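To start, the structure under review is shown below, and the notes come after it.
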Amino acid sequence: MVSAFEKLAQPVQKWVRSQAWHELRQIQAEAVHAISDSDADLIVSAPTAGGKTEAAFLPLISQVLDDPADIGGFDLLYVGPLKALITDQTMRLEELCRKAELPVYPWHGDIATSVKSRAVKKPKGLLLITPESLEAMFVRRGLEMQRLFGATRAVVIDELHTMLDSERGVQMRSLLTRLELAVKRPIRRVGLSATLGDMQMACAYLRPDNPDAVRLIEAKGEAELLLQLRGYVAGSDDENTPSATDAVATHLFENLRGSDNLVFAGARKWVEVYADRLRDFCEKAHLPQEFYPHHASLSREHRDFVEKRLKDGNLPTTAVCTSTLELGIDIGDVACVAQVGAPFSVAALRQRLGRSGRREGQPAILRQYVVETQLDSQSSFVDQLRLGLVRAVAMIELLLEGWCEPPRPEALHLSTLVHQVLSVIAERGGVHANGLYHVLCQDGPFRQVDTETFVSVLRALGRPDTGLIEQSSDGLLLLGAQGEKLVEHYSFYAVFKTPVEFRLVADGKELGTLPIDNLLTPGMLLIFSGRRWVVQEIHDLEKIILVKPAKAGVPPIFGGDPGTIHDRVVEKMFAMLETNIEPTYMDQTALSLLGEARRNFARLDFASTPVAQGDTGSHIVATRCGTVKTNTLALALGAMGFQVTQHDGFLRVDDSEAETPLTEVLHNFASGDTVDLFRHSPNLIFEKFHGHLTTPLLEQDALSGRVDLASLQTTCGALTS
DNA sequence: GACCTGCTGCGGTCTG
C-alpha cells in the first residue's frame, strides 16, 4: 500500500521533511488518503493546533502540482472568519507554497490594493479570503468570477462551526453555491473545526445535496482535564471580608501570575473590572504588569500588543477577555483557562478549553468561578435557586459528557435572504425571479423558504417606498435607486449589524470605542482599557470622547443581546437541582451554595408542581426548557395580559392584572388553545436587513427561529399533566 | 441576560 507520505507531491514531501516531523499525524494521513483517492467533500475535526490546516493543504497542493490546471484562476480557495486568522494562515502556508512555486494571496479589508490587483491580474495558487471580501468580489466583479475561479478545485472553510446556522454562515454557504454556479461545476468543500456538536448536521450544512458522501476525519483522544469550580458570596455584611470581586481577583492573581493564561470574564464590563483589579494588585505588590484586558471595543493597537505578548511567550501574560480570544490565531500554549461566571454555551466552553493543555502530555486546566449574592428575606427566586452556579455546573457536566450544542437548522434567515437577493442582482446586472429562487432557495441555503414567502420578500423589496428592487418590462429584476445606493456602499458586504459608537481618545491616542447610548458627561470617571480616566470633552458630531488619566473610575456600560440557552442545558440544570450528587470538582463554598439551591428548590415544591407562589401577586413557573421555548410561553402569557420576566428554565409571572387565572391559561394552552403571540407588537427587528421587510414576514422569520409556536402546547402539557 | 465577526474604489497628497 502506498503510504500517505508517498502520495504527496515531491516539493510537499520536501517541505514535510524540512519540518523535522516524526511522521504525519493520524488526521493528516487520513486526509491525504481521502483527498487523493476521491473527489469527496471532507470535514476534519481536531483540537486547535492539531494540524488541521496541513491535513487539508498538503494533499490539495499535491494535487495542484501533480495535475496542473490548463486554465487560469486560483487553484485553491480558503475562507476564514477572521482577518487575523487569514494573516496567520498565510504565513504558515507561504513556505510550503514557496517550495511548490505557488503564489499565496491573502485577501481582506486590510490587504493593500496592490496585492489584490496582482492577484486579480494573474489569478493562480491560493486565495485566502473572508466571506465579506468574497461577497464584495461577487458584487464588484460578478462577470469575472469564471475567469478567477474557473480552475479552483477545492474550498477550505476554517472554523466551520462558526459558519453553520449563523447569518454569516448562511451567507457563506450561499456564496459557495453561487461560486459553483458561476464555474458550472461542483467544487470540493473541506471544513475544519475543533467544536462540532453534531457531525451529521455539520455534513448537511457543508453539502446539503449529498451529506452522506461527506467524509469525516476526527482526531481521537481528548486531553486530560483538571477542573475546579469555586464559589463566592457577594454582599456579605461583614466589612472585614473582601468583596467577592476582590476575592476572585485575588485567587486569579495568586494562581495565574508568572504564566500565560486566558480569563474569560463573560462581558466587556467585567473584563474591565477584573483587569483593573489585577493591575492594581500588581502595582501594590511592586510587580511588573502582566494582566491585560482584551475585548472588541479596545483599540486594535492594544489588542495586537496583548496578542503579541501571549504569542511570544517571553513575558508572562494573562489576558482577561471576552470571546475575542476564543477562536482564531495561534496564541501558543496557555497554562490555564479561567471562566468567571457561567458561560452561555457548552460549545463556547469547549472551544475556550481547547486553548489550554495542547502540548503533549499536558492536562488542560479549567478554573470556573461563580459569584452568588448573599440571601436575605427580599431575595428573588433567581438568587435563592442560585441559577448562575447551577448553570455553570450543568455546563461542566455536559462538557464532561462530551456534548455540545448542535446548530438549529430550520430558520428562514430572511434578513440574509434580502442581502443575497440584492447581491445576486448586482452580480448579474439583472435576474428573473425564478432564476433567483433557483440560486438561493433550491440550490442555495434558503431551502426553508417556499415560493410564496420568496415572492412576498421580493414584493416587500419592490414597494415604491422602499425602492430596493424594480422589475423591467420583460420581467427582469433590477436594483432600484435605493438598492443601488445600498449595494454600492462598502458597508453592504457584511450581513451582521454593527452599533454606532463613540471613539475614546486620550492624549491623541485612541483607546477604543463605547456604545453611543452611554450617558457620559465631562467630569465622569471611567475604567477603560485596564486603566482609570476622567472624561474631559464630548464631541457629539465627531463622535469623540476625550479623556485624561485619573485615580479612580467606574466600569463602563456596554449594550448586549439576550443569550440563548439550549433545552438540554436547562434539563441538566433541573437534574442537578433534583439530585444530591456533590461533584468532586466543586469547592466547599460552591457545594454549600448548591445545597442551598437544592433546599430552596425542594421548599418551593417544584418536584411536585411546576407553578410555585412567588412574591406578592406573582407566580414562578418552572418551564424546564431553554430560551426559545421559555420565550414562546412568555410571549403567549404576555399576549394574555400577564407581566412576565424570563430566567433559565423559569418564568416570573405577575398575574395581578390578568383576567384569567394562570393555571387555567396554562391548561388552555395545553389543550391546544392558541393566541396571537404578536398581539402587543413586540420588536421584531433584530438583524441588519429586517427593516426592509413587512410585519407578516418579520413574524414568520421570528417563528422560524426565535420563537417556537409548536412548543407552546407541549410545554404547557408537561406543566399541567 | 452576551459576546464576536467584516468592508471598495477613488481622489487626494506626499515621497523618492
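Since the structure is predicted, the reported quantities are computational estimates derived from the model, not experimental observations.
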Checking all strands, does [X] fall into the base, sugar-phosphate, or nothing category for heavy-atom contacts under 4.0 angstrom?
| X | answer |
| --- | --- |
| A:Ser133 | sugar-phosphate |
| A:Arg168 | base |
| A:His295 | sugar-phosphate |
| A:Gly563 | base |
| A:Thr322 | sugar-phosphate |
| A:Arg300 | nothing |
| A:Pro81 | sugar-phosphate |
| A:Lys688 | nothing |

Atom pair distance, as rounded to whole Å: [atom1] in [X] and [atom2] in [N]:
| X | N | atom1 | atom2 | value |
| --- | --- | --- | --- | --- |
| A:Lys269 | B:dC4 | NZ | P | 15 Å |
| A:His647 | B:dA2 | NE2 | P | 13 Å |
| A:Ile129 | B:dT5 | CD1 | P | 19 Å |
| A:Phe264 | B:dC4 | CZ | P | 11 Å |
| A:Gln171 | B:dG6 | CD | C1' | 9 Å |
| A:Glu135 | B:dG9 | CD | P | 13 Å |
| A:Tyr493 | B:dG9 | OH | P | 6 Å |
| A:Gln351 | B:dC3 | CD | C1' | 14 Å |

Under 4.0 angstrom between [X] side-chain N/O and [N] OP1 or OP2:
| X | N | answer |
| --- | --- | --- |
| A:Arg303 | B:dT5 | yes |
| A:Lys116 | B:dT8 | yes |
| A:Thr130 | B:dC7 | yes |

inquiry  = Under 3.5 Å, is there a donor on one side chain and an acceptor on the other for A:Thr195 and A:Gln351?
reply    =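 The answer is yes; a qualifying pair exists.
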message = Does either side chain, that of A:Ser423 or that of A:Arg178, offer a donor lying less than 3.5 Å from an acceptor on the other one?
response =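 Checked: A:Ser423/A:Arg178 side chains pair up, N/O donor to acceptor below 3.5 Å.
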key: Face-to-face stacking of A:Phe344 with B:dC3, centres under 5.5 angstrom, angle under 30°   =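 It does not: the two rings, one from A:Phe344 and one from B:dC3, miss the stacking criterion.
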More than 12 heavy atoms of other residues, nucleotides or ligands under 6.0 Å from [atom1] of [X]: yes or no?
| X | atom1 | result |
| --- | --- | --- |
| A:Lys572 | NZ | yes |
| A:Glu542 | CD | yes |
| A:Ile544 | CD1 | yes |

ask   = B:dT8, B:dG6, B:dC3: which one has an atom nearest the side-chain heavy atoms of A:Ala136?
value =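 Given the options B:dT8, B:dG6, B:dC3, the side chain of A:Ala136 is closest to B:dT8.
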ask   = Nearest to the side chain of A:Tyr490, which nucleotide is it out of B:dA2, B:dG6, B:dC7?
value =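 Comparing B:dA2, B:dG6, B:dC7 against the side chain of A:Tyr490, the answer is B:dC7.
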task = Name the residue closer to the 5' end of DNA chain B, choosing between A:Pro562 and A:Trp107 according to the nucleotide with the nearest heavy atom.
result =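 Counting from the 5' end, the first nearest nucleotide belongs to A:Pro562.
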request  = Can you measure from CD (A:Glu484) to NE2 (A:His489) and round to the nearest 0.5 angstrom?
outcome  =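 Reported value, rounded in 0.5 Å steps: 14.5 Å.
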